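Before any comments, here is the structure.
Please read these numbers as outputs of a predicted model, since none were measured by experiment.
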Amino acid sequence: MKTIKLLSILAISASLMVGCSDDDPVTPPSEGFDLEINGQDDFDPKDLKGNVNADITLKAGVEYLLTSNLRVKDGNTLTIEPGTTIKCKAGGTDVFLAVERGAKINAAGTQASPIIFTSDASNPRPGDWGGIVIAGKAKTNKGTEAETEVGGLNYGGTQDDDNSGTLTYVKTEYTGAKINGDQEFNGVSLYTVGSQTTINNLFISNGADDGIEFFGGTVDVQNVICINIKDDMFDFTEGYSGTMDNMFGVRENGFNDATEDPRGIEGDSNGSNPAAAPVSTPTIKNITVLNLSEITPLKAGAEIRRGTVATIDNALFAAYGDASFGNLIDTQDSSGDGTLTITNSYKMGTVGENKEGGTITGTVTEDVEAITADGDNLTVKAGLGADFTAFSWTGYTLKK
């Protein structure tokens with residue numbers, strides 16, 4: 001009997017050793033349970049994750065590591081002080097910040113002390129972590145009880161003046177973790193976010209999917225710069241009807257990582273039913289889409305499709321040097337054409353022709369000196385597209 005017991009113990013020990021080999025996947029510590037955060041002292045800054053069930057504050061000067069998803073639950077507010085940096089554990093699709101419908105975020109950075117979300121990797125790359133996902137109660141043409149593409153949040157409703165809080169002077173870097181071919185995080189994802197929400201002065205860089213995307217909703221955004229985004233810089237769908245003002249997107253020279261169809265603006269309403277209400281009716285003004293990447297062209301400066309009715313005023317679509325766009329504006333799609341009214345807008349470089357299936361009202365004027373070089377730096381002519389000086393707080397400069 002002792003021999004049998006000894007053999008059994010050895011067998012169990014051997015199986016445990018095999019199960020812990022370096023080649024086998026290890027279940028993340030956060031998988032399989034939720035940490036409940038019921039007060040300011042209920043979380044570890046160096047293992048930040050869980051359900052936020054109370055008003056809590058992330059403080060400047062504290063080192064934070066987001067190790068899984070942090071979910072602000074309905075009725076609660078997450079405050080992030082100016083100057084706070086949150087490093088995000090690289091390599092996991094479960095690492096993201098989610099603000100649920102009925103919850104709020106109060107991330108009010110300043111020009112001198114922005115709030116930063118970035119990868120913890122020593123060699124960070126696009127897609128290291130998820131991104132910021134905010135859900136609200138405004139309208140979408142997907143119904144009043146839809147579920148987000150990522151994160152499993154409910155969104156939608158009838159309250160177009162809903163308030164999800166404040167997101168201002170915030171940097172998000174190395175976002176876009178990919179779950180599968182249809183589910184990828186963006187830098188900032190806004191699901192039916194309402195008009196009383198304050199979103200402005202965002203810096204979104206090195207994203208593996210879109211920079212910022214709107215899924216329905218009515219929120220207005222201002223002063224957003226997207227740098228080196230693999231897919232679309234600015235994206236909207238599902239009946240979005242807000243205003244985007246002073247938006248600057250650029251693919252740098254040497255940034256050749258891209259999806260099959262990267263665009264400056266991708267505008268959809270509903271791919272299954274382009275007449276579904278509400279139809280996407282955004283106003284986009286003071287926007288620059290700039291491609292400096294010589295190897296990877298943009299598929300289009302703006303693609304307006306699937307029932308969208310959009311207005312663009314004061315846009316600059318520019319390709320500098322040997323860079324290019326496939327099309328300038330594309331309103332043709334088998335799932336439903338788009339309608340665009342464009343005024344006071346300009347183009348420069350090899351930007352292709354319009355691809356009209358829907359309706360384009362207005363013209364885009366060529367300006368061969370819209371962007372000029374001053375040594376290694378580029379300068380955008382004043383008054384054309386976005387006001388680049390609004391992004392001085394980021395420290396970013398345009399390089400030739």
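Counting non-hydrogen atoms of neighbouring residues, nucleotides and ligands closer than 6.0 angstrom, the NZ atom of K230 exceeds 12 such neighbours. The neighbour count for K46 NZ, taken as heavy atoms of other residues, nucleotides or ligands under 6.0 Å away, does not exceed 12. Counting heavy atoms of neighbouring residues, nucleotides and ligands inside a 6.0 Å radius, atom CD of E353 does not exceed 12 of them. The environment of K171 atom NZ is dense: over 12 non-hydrogen atoms of other residues, nucleotides or ligands sit within 6.0 angstrom. For E63, the CD atom sits in a loose shell: 12 or fewer heavy atoms of surrounding residues, nucleotides or ligands are nearer than 6.0 Å. Counting heavy atoms of neighbouring residues, nucleotides and ligands inside a 6.0 Å radius, atom CD1 of I179 exceeds 12 of them. More than 12 heavy atoms of other residues, nucleotides or ligands sit less than 6.0 Å from atom CG of N180.
Judged by distance alone, with hydrogens and angles left aside, the side-chain atoms of T84 form a donor-acceptor pair with the main-chain N or O of A60 at under 3.5 Å. Of the possible polar contacts, none joining the T308 side chain to the A310 backbone as a donor-acceptor pair under 3.5 Å is found. Without hydrogens or angle criteria, Q40 side chain to T57 main chain gives a donor-acceptor distance under 3.5 Å. No donor-acceptor pair under 3.5 Å is formed between the side chain of S119 and the backbone N or O of P124. Remark: the backbone N or O of R263 is paired with a side-chain donor or acceptor of D232 at under 3.5 angstrom. At distances below 3.5 Å, at least one donor-acceptor pair connects side-chain atoms of S345 with backbone N or O atoms of T343. Checked by atom type and distance alone, the side chain of K400 pairs as donor or acceptor with a backbone atom of G375 at under 3.5 Å. Looking only at distances, no side-chain donor or acceptor of N163 sits under 3.5 Å from a matching main-chain atom of S195. Within the 3.5 Å criterion, the main-chain N or O of E252 finds a donor-acceptor partner in the side chain of N228. Between the side chain of T192 and the main chain of G136, a donor-acceptor pair closer than 3.5 Å is present.
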Worked verdict on V289 versus L298 for side chain to side chain contact (heavy atoms under 4.5 Å, CB included): CA-CA 10 Å; V289 175; L298 285 172; 3.7 Å; yes
Salt bridge (Lys or Arg N to Asp or Glu O under 4.0 Å) evaluation trace for K381 with D367: CA-CA 10 Å; K381 185 184 291 186; D367 188 327; 3.0 Å; yes
Audit row: S293, N256, side chain to side chain donor-acceptor pair (under 3.5 Å) steps and yes/no: CA-CA 6 Å; S293 176; N256 302 317; 2.9 Å; yes
Audit row: N106, T77, side chain to side chain donor-acceptor pair (under 3.5 Å) steps and yes/no: CA-CA 7 Å; N106 179 25; T77 299; over 6 Å; no
F391 and Y396: CA distance, side-chain angles, deciding distance, ring-ring contact (aromatic ring centres under 6.0 Å, His included) verdict: CA-CA 7 Å; F391 307 109; Y396 180 78; 9.2 Å; no
Derivation and outcome, side chain to side chain donor-acceptor pair (under 3.5 Å), residues D387 and T389: CA-CA 6 Å; D387 177 7; T389 63; 2.6 Å; yes
Derivation of the side chain to side chain contact (heavy atoms under 4.5 Å, CB included) call for V52 and F43: CA-CA 10 Å; V52 179; F43 62 91; over 6 Å; no
From CA spacing to verdict: salt bridge (Lys or Arg N to Asp or Glu O under 4.0 Å), D333, R305: CA-CA 6 Å; D333 189 80; R305 61 183 184 176; 3.5 Å; yes
Stepwise salt bridge (Lys or Arg N to Asp or Glu O under 4.0 Å) test for K59 and E81: CA-CA 5 Å; K59 300 179 179 181; E81 291 184 347; 5.9 Å; no
Stepwise side chain to side chain donor-acceptor pair (under 3.5 Å) test for K399 and N377: CA-CA 5 Å; K399 297 293 184 180; N377 296 330; 2.9 Å; yes
Pair K87-T118, side chain to side chain contact (heavy atoms under 4.5 Å, CB included): steps then yes or no: CA-CA 5 Å; K87 292 187 177 181; T118 191; 4.2 Å; yes
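Counting heavy atoms from C-beta on, the side chains of I287 and L316 never come closer than 4.5 Å. Side-chain contact between L398 and L290 is present, with at least one heavy-atom pair separated by less than 4.5 Å. Contact of the E147 side chain with the L153 side chain is not registered, since no non-hydrogen atoms from C-beta on lie closer than 4.5 Å. Using a 4.5 Å cut-off on side-chain heavy atoms (C-beta onward), L378 and T372 make no contact. In this structure the side chain of I225 never reaches within 4.5 angstrom of the side chain of I204, judged on heavy atoms. Inter-residue side-chain proximity for N253 and F255 is flagged as unmet; no heavy-atom pair is nearer than 4.5 Å.
If you check the side chains of T331 and D337, you find no donor sitting under 3.5 Å from an acceptor. Side-chain polar atoms of N223 and N200 form no donor-acceptor pair below 3.5 angstrom. Under 3.5 Å, the side chains of E36 and N53 contain a donor-acceptor pair of N or O atoms. Side-chain contact of N246 with Q222: a donor-acceptor pair under 3.5 Å is absent, judged by distance alone. E173 and N206 form no side-chain donor-acceptor contact under 3.5 Å, judged by distance and modelled atom types alone. No side-chain donor-acceptor contact under 3.5 Å links N344 and N314. Checked by atom type, the side-chain pair E213/Y191 shows no donor-acceptor distance below 3.5 Å.
Taking the charged nitrogens against the carboxylate oxygens, K299 and E266 have no contact shorter than 4.0 Å, which rules out a salt bridge. Using a cutoff of 4.0 Å between basic side-chain nitrogens and carboxylate oxygens, E238 and K142 are not scored as salt-bridged. Between D268 and R306, at least one side-chain N (NZ, or NE/NH1/NH2) sits under 4.0 Å from a carboxylate O, which counts as a salt bridge.
Taking each heavy atom of E149 and Q183 in turn, the nearest pair found is O-NE2, 2.8 Å. Summarising the geometry of Y155 relative to T140, their closest heavy-atom pair is CE1-CG2, 4.1 Å, with the distance given to 0.1 Å. Of all the heavy atoms in Y320 and I371, the pair that sits closest is CE1-O, 3.9 Å. Looking at every heavy atom in both residues, A386 comes nearest to F248 through CB-CD1, 3.9 Å. Between D330 and E303, the closest heavy-atom pair is OD2-OE2, 2.9 Å. Considering every non-hydrogen atom in both I80 and F117, the closest pair reads CD1-CZ, 3.8 Å.
For W129 and F96, the ring centers sit 6.0 Å or farther from each other. Checked against the 6.0 Å centroid threshold, F317 and Y346 do not count as a close aromatic pair. Between Y240 and F215, the gap from one ring centroid to the other reaches at least 6.0 Å. For an aromatic pair to be called close, the ring centres must be under 6.0 Å apart, and F214 with F236 fails this.
No option in L78, N51, D55 other than L78 meets the side-chain contact (heavy atoms from CB on, under 4.5 Å) test with V72. Exactly one of L70, L35, N69 qualifies for a side-chain contact (heavy atoms from CB on, under 4.5 Å) with L48. That residue is L70.
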